[in-house]
Amino acid sequence: MRQEEITEDCPGTGQDGYMDESAPGDEWYVICPVCRMKWAGGSTLIEPHKDWRKR
């Protein structure tokens with residue numbers, strides 16, 4: 001069995017995310033390239049997170 005099949009962690013962890021600056025004002029978001037989870041601001045490097053598709 002592969003590692004991503006065993007854990008609920010998203011395989012996008014540690015990858016570069018996509019920046020979304022479409023929000024009004026100075027706010028911007030980072031989107032995981034694998035599961036598309038979105039965070040407000042911060043680094044474009046994706047933090048460890050659960051893969052919401054497996055919930």
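Everything numeric in this text was worked out from a predicted model, so none of it was measured.
Surrounding CD of Q15 are more than 12 heavy atoms belonging to other residues, nucleotides or ligands, all under 6.0 Å away.
Taking 4.5 Å as the limit, some side-chain heavy atom of D16 sits within range of a side-chain heavy atom of L45.
Nearest heavy-atom pair across D51 and P11 is OD2-CD, 4.0 Å. A pairwise comparison of heavy atoms in G17 and V30 identifies CA-CG1, 4.1 Å as the closest pair. The two residues K38 and D20 make their nearest non-hydrogen contact at NZ-OD2, 3.6 Å.
Just one of K50, E47, H49 meets the side chain to side chain contact (heavy atoms under 4.5 Å, CB included) condition when paired with M37; it is H49.
Atom SG of C35 sits about 11.0 Å away from atom CG of D9, to the nearest 0.5 Å.
In the hydrophobic clustering of ILVMFWY residues, with side-chain heavy atoms under 4.5 Å counting as a link, Y18 and I46 come out apart. By the criterion of side-chain heavy atoms lying less than 4.5 angstrom apart, applied directly or through intervening Ile, Leu, Val, Met, Phe, Trp or Tyr residues, W39 is grouped together with W28 in one hydrophobic cluster.
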